[in-house]
Amino acid sequence: MIFSRENIKNLNISAIIRDSLDEGNLDSFLFIVPTNRWARTFKKELIENSPNRSSEKINIETLTTITQKLLQFYDKYNLISSATGYVFLKETIEEAEIEYFESYKNEVPDGTLEELNNVIGEYKKEGIDSKRLLENAEELSGYEKSKVHGIAKIIDIYTKKCFAARSLEIGDIYFIIANLPQEKFSELFKLNFPNVGLIYINGFNEYSSLELKIINKLSLIYGIKIFINLDYNTGNEKLHKHLTTAYESFIAYDYNRIGDINDHTNSSFYLKDYLSQNFLRSVKKKEERYPIIKLEGEDRYKEIELIARELKLLIKQGIKPHKIAIVFNLIKEYSPLVREIFSIYEIPFNLSDRYSLDTIPVISSIINFLEIEEEDYYYKSFFRGISSKFLSISDTDFTELLKISSELRIISGYKNWVDSIKTQLSKGEDPELKNALKGIIYVHNTLKPFVEPQSIETFLENLKNLIQNTGLFYKMLQSETDNAEKNVKALSVFYESIYEVLMQMKTYDGESKLYSLSEYLNILRTICKWSRFNVKERSDYGIQITTLEEIRGLDFDYIFIGGMCDGDLPTKQNSDIFLYGDVKKQIEMQFSKDAYKFYQTLSMYKKGIYLSTPSAGKNSNFEESYLIKALDRILDITSKSAADYSDSIFSKKEYLIEAGKLGNEKYDIFYGKNDIIDDKRKEHLYNEIKIDQIRIDKRNENEYNGVIGGTDLLTPAFEKVYSITQLETYAKCPYKYFVERILHVETIEDPDENITSLEIGSLLHTILYNFYLEILKKSIVLKNCSAEVFNYVLNLIMKIGNDALDEYKFDRVKSFYEIEQIFGIEGDREKSILYQFINYERENENEFAPSYFELEFGMNGSLPIEINDVLIKGKIDRIDIKENKIGIIDYKKSIAQVVKKDIIEGLSLQLIIYISAAIDILKNKLDNEMLPEFVSYYSLKYSRKDFGLRKFPSSRDKNDLEYFIEISKTHIKNYVESIDKGIFNLTKLEGQKKPCNNCAFSNMCRIAEYLPN
Ligand code: SF4
């Protein structure tokens, strides 16, 4: 249906254009189309059809570009970029202090911000300003009323900001242009398009009220003929509902309805007509000439895989990829899937979804680097900032730096980094440390220009220098070709957006204002989140991936419409919290709009249309789109699923999966066996698969599951000296022992400024050792001692403790609680571990006398103990003696208990082996045969109920210690024999005993594959 003020019966626009092309006067036309892509494609088409292939005089605009052009001759305003818009909107929300946002403590979530931004855009396009909102709010009450007041306030402040910065929303531009006096409007138009005598408006699937007003103004320009092609069918209201306002407006503006006698000779014209009449309704007999194929994927990933397979079939038939398009209503979720799957299937494609700046590593590397200074050299930010492959930051080995931060316990602070490393260097030459210091200083010098608050000009200059000095350009261009192009575009959009936003801020805040690095970074982060960009598409290359919105006006032989599930298409009805009144009604037309876009795409049918559906999402199942059901009522739809492609292979990945099923030769390799994989690689592959199967086969022992066998490469196991901890590690996981003790793989812990429990334990050991040496020297017995002796020893232990504390050099502020627990909470000595210790020793029923402390064997020059041919080293915290009986005590800062089952299973060896060692050592020292009486952990926990000895065996146990000693000796012999035989399998322990939680080697050992459950 064509609307015009002309009094003619029919219009054949194709014929008119053809004639104009021949006569070379196409500059008398102005085409207005809905999208830039349509404008570009149409222009290309016209140039190709013009006799001299000239583009000079072709006027093709969108309503956005034409109104901007008119405005340029009227007043100097620019269209606001999305990045600037979001920066202003965030500032507005902070300034407006409206009740609705009070619940967001720190920041309005991105989703809400985006929703608000869209709604403001909708209001503006409809010409609704804050004043009109407030007027309408008079009819409301309570929460609704205050909500509308809040939105009005935001629109008001936001609009003022935009005008002050001379950057306007498209709705504001429409408003200015639509409200110009007709005379001025006509004058501006003539200045821009002096030769135009005919305007043809085509392809719009909706019009806002301001757009209708602008079109009417165009129609009233003297000497201009205007034709508006409105795809509207009065006989199918459900499909065209959202265009009813436009239709009625054109009638109200007194336009004539004239016939469209375009050159619609192709069959799709019939289909368009048929759909326009019947879609969303029922027919008696389906139209069979336009069969449609539906691809049913189990989920979105598999849906795209099905599309990829179908595409390969089409390409094999000789269809050129650029003659095929895949469209989505909501492309965001599908873009990454298409990128991944089409790369796997080696399908060339042109994806028109835009990239967000914050997903581009080269951009993140700049922001992360600046964040080093912002976060005061916090070790995590520091490593994140310097580890980018795009920055050349001296030749420092930053893994080494990570190790240094852990060893020197450096958490943050530039000065702290430098001082700590310098102090360490003062103890001796260390080239790695020296190099690390050089690297840190280099980073600091590079960031120095950003430290002080600075003007916008200075910041932009510093940023430019930073990008140049860190070699980012050079590194960026070295990346793969596709990425290099993307990176260069991202960097230029990044810089342009920053420049634009900061210049707007300068206009708004004044030139002299200085901002801190944090303020600049907040702006940069917002810009990155909301700036999107496209990489230039290659002409006539690859499958076009785009949206239903963008495909309008383009030309393809085959179209796939993906994501055909309710929620995606049609989109979920939005209960938009910010919407109100007429705009809400407009948005509620969503179903009609979506159905209409779908219908428009179907109408492009040339050689084939495919629809594809996912059945399930991450958390729920999808309902097939209602639009498919509606289409099924009027056209033939045939379904295909994964099973329909199962006799062929479409990609190398599929080949590898099938090859993984070993010996499976029944498949006809889709594009030639040898093209996919050569025989040599195939042999390797089969070999790798076999090895993996052997590795996870628990029935056999071999080098792939840890049994490497005896080898000359390792020191003979019985020649080594073992600590009990090492043997306990082997007992729990032989592989872990292998990695830690034979390969010597080290893990780097996060630095910790606070005192660790290991250090507390070490401090307490030192205090108790020195204390007992002192009182033994003075022949003081603690058991049942007098109050006077008690006071003396309390003073003594406190003094010894404080001396030891001085040696340890802990940060007393950060570790004050742990220190108070040892010496007295809030200065009260009775509330201390040391007090509890001497009190416990005084009152304890134990008849044994503390006799030996920190007794070492196999360490610091002392000889190891030999047990069952195994050489053992260790240190016994304390030995208590009564006559010829001995007990072993191990101090612990935690609660620990000797568990009989663990001893029997060989998982707990320490105390039992230690008492055996003690008997050997004392036999030589005392020339006396000592008998084992007990072993015990001594809990030094602050809590009174947990404090003290837990002896083993308990009096109820029928076995004596000698029995357990024999068991443990056998275990250690077995372990060392296994080490000698090269047995280093993954742990076989299960349930609570499985030692894998928090094990740093879990990725390396691949236990998850070995024990999938
Ligand atoms: S994760 Fe488990 S199996 Fe793997 S090395 Fe650690 S303890 Fe052993």
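Indexing begins at 1, ligand by ligand and atom by atom, following the structure's order.
Of all atoms in ligand 1, listed by their number and element, those nearer than 4.0 Å to a heavy atom of Tyr735 are 5 (S). Per-residue contacts place Thr987 under 4.0 angstrom from the following atoms of ligand 1 (heavy atoms of the residue considered): 3 (S). Applying the 4.0 Å criterion to heavy atoms of Ile1007 picks out, from ligand 1, the atoms 3 (S). Near Ser1002, the atoms of ligand 1 lying under 4.0 angstrom from a non-hydrogen atom of the residue are 1 (S).
Atom 6 (Fe) of ligand 1 has as its closest protein heavy atom Cys999 SG, 2.3 Å. Summary of contacts: the protein heavy atom closest to atom 8 (Fe) of ligand 1 is Cys733 SG, 2.2 Å.
Smallest separation of non-hydrogen atoms from Lys732 and Thr987: O-OG1, 2.7 Å. The two residues Phe934 and Ile889 come nearest to each other via the heavy atoms CE1-CG1, 4.1 Å.
A salt bridge is absent between Glu432 and Lys403; no separation between the charged side-chain nitrogens and carboxylate oxygens falls under 4.0 Å.
Between Tyr772 and Phe853, the two ring planes are parallel [angle under 30°; tilted spans 30° to 60°].
Checking Cys996 against atom 8 (Fe) of ligand 1, every N/O/S atom stays at or beyond the 2.8 Å cut-off. Atom 6 (Fe) of ligand 1 lies at 2.8 Å or more from every N, O or S atom belonging to Cys1005.
Listed for the Asn705 side chain is a donor-acceptor partner under 3.5 Å among the backbone atoms of Asn702.
Within a 6.0 Å radius of CZ in Phe816, no more than 12 heavy atoms belonging to other residues, nucleotides or ligands are found.
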